[in-house]
Amino acid sequence: MSKLYLKYLLGILALGFASVLPAEHAPVVIVNSVTYPNASLSQNAISAIFGMRLRKWEDGSPIKVFVMPDENPLHIAFSKYVLRVFPYQLRSAWDRLVFSGTGEEPVMVESEQQMRDIVATTPGAIGYLSRSMLDDSVKAVSDD
Amino acid sequence: MTLLKPSLMIKENLVRSPPMLPRRVFVFIFNKYQEISKIKLSSQLGCRIENLCLVTISIIFNGLMGSLLCTIVFAMFSREAQAIELTDNIRLHGFLTQGYFLTSDNKLFGASDKGGSFDFTEAGLNASWTPDPNLRLAGQVLLRRAGTGHEHDVELDFGLIDYTAFSTPDFLFGVRLGRFKNPLGLYNDTRDVLVTRPTILLPQSIYLERTRDLSLSADGGLLYGEHRSELGTLSLEMGAGVPRGNNLDTELAYLGGDYPGETQPKLSYIGRLAYEREGGKYRAAISAARVDVRYEPRFIQPDDLPSLKDIFIPVIFSMQYNTDQFSLSAEYAIRRIQESSPDNSFALDVTGNSYYLQALYRFNEKWQAILRYDALYNNRNDKHGKNYHALTGRPAHTQFATDWTFGLRYNITSSFLVAAEYHYVNGTAWLPRQDNLDPNEMEQRWHIFALAASFHF
């Protein structure tokens, strides 16, 4: 009985998530298409990169991380559904790095347009966009 | 007589080795509970001219720092909080917090019991340079005002070279050389930055103001390693270095008074093993340190203490659980102090324990509330100071402190916040001594109301 109830509850939660995120607004990790041709990253790598714990690509070139403001809906969706953390946790982890001298925080961009432009023109860049904003200037990363 | 001149009594007793009480007891009284009113604060700064120079430099620096921060504040006001990028790989960050403390009794960061005190300011400016993905240089200057003895502290908080020897999505190994922040518990690494700590006054059970200087940072080297997997992230930091803190605070914290000789920290060790799951939803850590502090007398006994060696071993267990709206945190510490002289005529071994439980609730992105219970016992075999009082005649409440805290925080923007909190405190064990010279004038039960405004970028 309780198992059934749990399944039902999980079902509602899953539906809830789905309705929050129509496919065209779902966040997609993007990289600069020139410097990172092999556009496939593990969940571990994506978490490490946006957690600012991994600073170079496999070829040794620096990773440049771009994010949107904490309260931006796409950033919130990206944190929750791609990184699977709450935005405040991400922010507090970055603050700890910055003010203890052990790391840096990502560079902030104000809009999706700006995100797409900066990732397209910065070697080694990584960021995210909603699916509907993708074009040929950047490369979407598949999660493997 | 015992009450009025305990230090004299103790010194005489030490010389004569009286048969009435075991020597251990006298060592205990002598070292830990010297009469604080004998403190000569002037001895800390040396001659007057030097003093004047220091003050002038500090005022100029304060002014510069203040105007710089004000400029930054105005420049950033309309924008999102983010680092200033000087070039592609040099970043600047900073913070400024002004606090107000009002207490019913006892002094906390200035004359807080007389209409409140604004003598609490924290400001920092930090820069980091990443010339290469494997190499990073970072430094932070801290300016702090925090009551008597800390009217204008300017210090290098950290200054280090960080070299990443090995880094993949699953593993990270590296080393930090220079002055590094001590990895202790959940909050020590960034304890002076209000946005990273839950309340204006950190839980004193674990993050004591008194031993602050020793716990801040150390000069030496630290190795770090990290392993990420689907099970979570395991990280280990191990360092060796000389802690900062060769000043009056250390002497007060360890010896219980200001003595003629010099107190200096020596090579010490620190480590933290931490585990995180689901991006920090569950966090747990064990941190430990072995802090070595020496006292070298200036005069021979009985006019001075013998040379002393203090080994302080804190072990801290930390846990945190984070959901969208709730964060529950708990930390428990066992703190052991061993004190001895070379000929072992002095031998002291006291273990204290302390802990707090904290619940934080986020109403939305702007508002959060916090409730915490915090407890500190200097000596776990004499939790309420009864034996201590019987032996010394001094207030038992200097040996423990429990603190109920309720706080509110409002994030005006992502870079500005204001915070308010109320504490009901029973005991005076963590009360900074320089502000409260006479333990007999301390009140056991007291209230704190604090306000702070903070900016960071």
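Values below: all heavy atoms of this structure, side chains included; hydrogens, waters and symmetry mates excluded. In the text below, chain A, chain B and the rest are named by the order of the sequence lines, each starting its count at 1. Because the structure is a prediction, the values reported are computed rather than measured.
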Answer yes or no: are there more than 12 heavy-atom neighbours, outside Asn364(B) itself, under 6.0 Å from its atom CG?
yes
Residues, nucleotides or ligands: over 12 heavy atoms within 6.0 Å of Phe326(B) CZ:
no
Any chance CZ of Arg277(B) has more than 12 other-residue heavy atoms, nucleotides or ligands included, within less than 6.0 Å?
yes
Of all heavy-atom pairs linking Gly60(A) and Pro133(B), the shortest is O-CG, 3.5 Å
Between Glu71(A) and Ser414(B), does any side-chain donor sit less than 3.5 Å from a side-chain acceptor?
no
So, taking the atom named NZ in Lys181(B) and the one named CZ in Arg96(A), what distance separates them when rounded to the nearest 0.5 Å?
14.5 Å
Closest heavy-atom pair, Glu104(A) versus Ser128(B), reported as atoms and distance to 0.1 Å, is OE2-OG, 2.7 Å
Choice from Gly174(B), Ser229(B), Ser327(B), Ala138(B) maximising heavy atom contacts with chain A below 4.5 Å:
Ser229(B)
Quick check: are there more than 12 heavy atoms from other residues, nucleotides or ligands sitting under 6.0 Å from CD1 of Ile161(B)?
no
Answer yes if the side chains of Arg55(A) and Ser167(B) hold a donor-acceptor pair under 3.5 Å, and no otherwise.
no
CG/Asp132(B) to OG/Ser61(A) distance, rounded to the nearest 0.5 angstrom?
11.0 Å
Quick check: closest heavy atoms across Ala48(A) and Pro169(B), and the distance to 0.1 Å?
CB-O, 4.2 Å
Side chain to side chain contact (heavy atoms under 4.5 Å, CB included) between Asn134(B) and Lys56(A): does it pass, once the steps are laid out?
CA-CA 8 Å; Asn134(B) 293 327; Lys56(A) 58 179 185 183; 3.1 Å; yes
OG on Ser100(A) to CG on Asn182(B), rounded to 0.5 Å:
11.5 Å
N/O donor-acceptor pair under 3.5 Å between Asn44(A) side chain and Arg228(B) backbone:
yes
Minimum-distance pair of heavy atoms, taken over all atoms of Glu278(B) and Val85(A):
O-CG1, 3.9 Å
Taking Arg136(B) for the side chain and Gly101(A) for the main chain, is one N or O donor matched with an acceptor at less than 3.5 Å?
yes
Please classify the contact between Asn322(B) and chain A as side chain, backbone, both or neither, with a heavy-atom cut-off of under 4.5 Å.
both
Using only atom types and a distance under 3.5 Å, with no angle test, would you say the side chain of Arg362(B) pairs donor to acceptor with the backbone of Tyr88(A)?
no
Please classify the contact between Asp162(B) and chain A as side chain, backbone, both or neither, with a heavy-atom cut-off of under 4.5 Å.
side chain
Let me confirm one number: the OG1-CZ distance from Thr102(A) to Phe158(B), rounded to the nearest 0.5 Å.
8.0 Å
Which residue out of Glu226(B), Lys281(B), Arg191(B) racks up the most heavy-atom pairs below 4.5 Å with chain A?
Glu226(B)
Less than 4.5 Å to any heavy atom of chain A: does that hold for the side chain of Arg197(B), its backbone, both, or neither?
neither
Using the rule given for side chain to side chain contact (heavy atoms under 4.5 Å, CB included), can you reason through Arg91(B) versus Val107(A), listing the C-alpha separation, both sets of side-chain angles and the distance that settles it, and then say yes or no?
CA-CA 10 Å; Arg91(B) 300 286 219 36; Val107(A) 177; 2.7 Å; yes
Can you see which heavy atom on Phe99(A) is nearest to which on Phe457(B), and at what distance?
CZ-O, 3.9 Å
Does a side-chain heavy-atom distance below 4.5 Å link Leu172(B) with Leu54(A)?
no
What's the verdict on side chain to side chain contact (heavy atoms under 4.5 Å, CB included) for Val195(B) and Asp95(A), showing C-alpha distance, side-chain angles and the deciding distance?
CA-CA 8 Å; Val195(B) 68; Asp95(A) 284 342; 4.1 Å; yes
Shortest non-hydrogen contact from Glu365(B) to Ile76(A)?
OE2-CD1, 3.9 Å
Between the CD atom in Gln43(A) and the CD atom in Glu230(B), the distance rounded to the nearest 0.5 Å is 8.5 Å
Contacting region of Glu276(B) [heavy-atom separation from chain A under 4.5 Å]
side chain
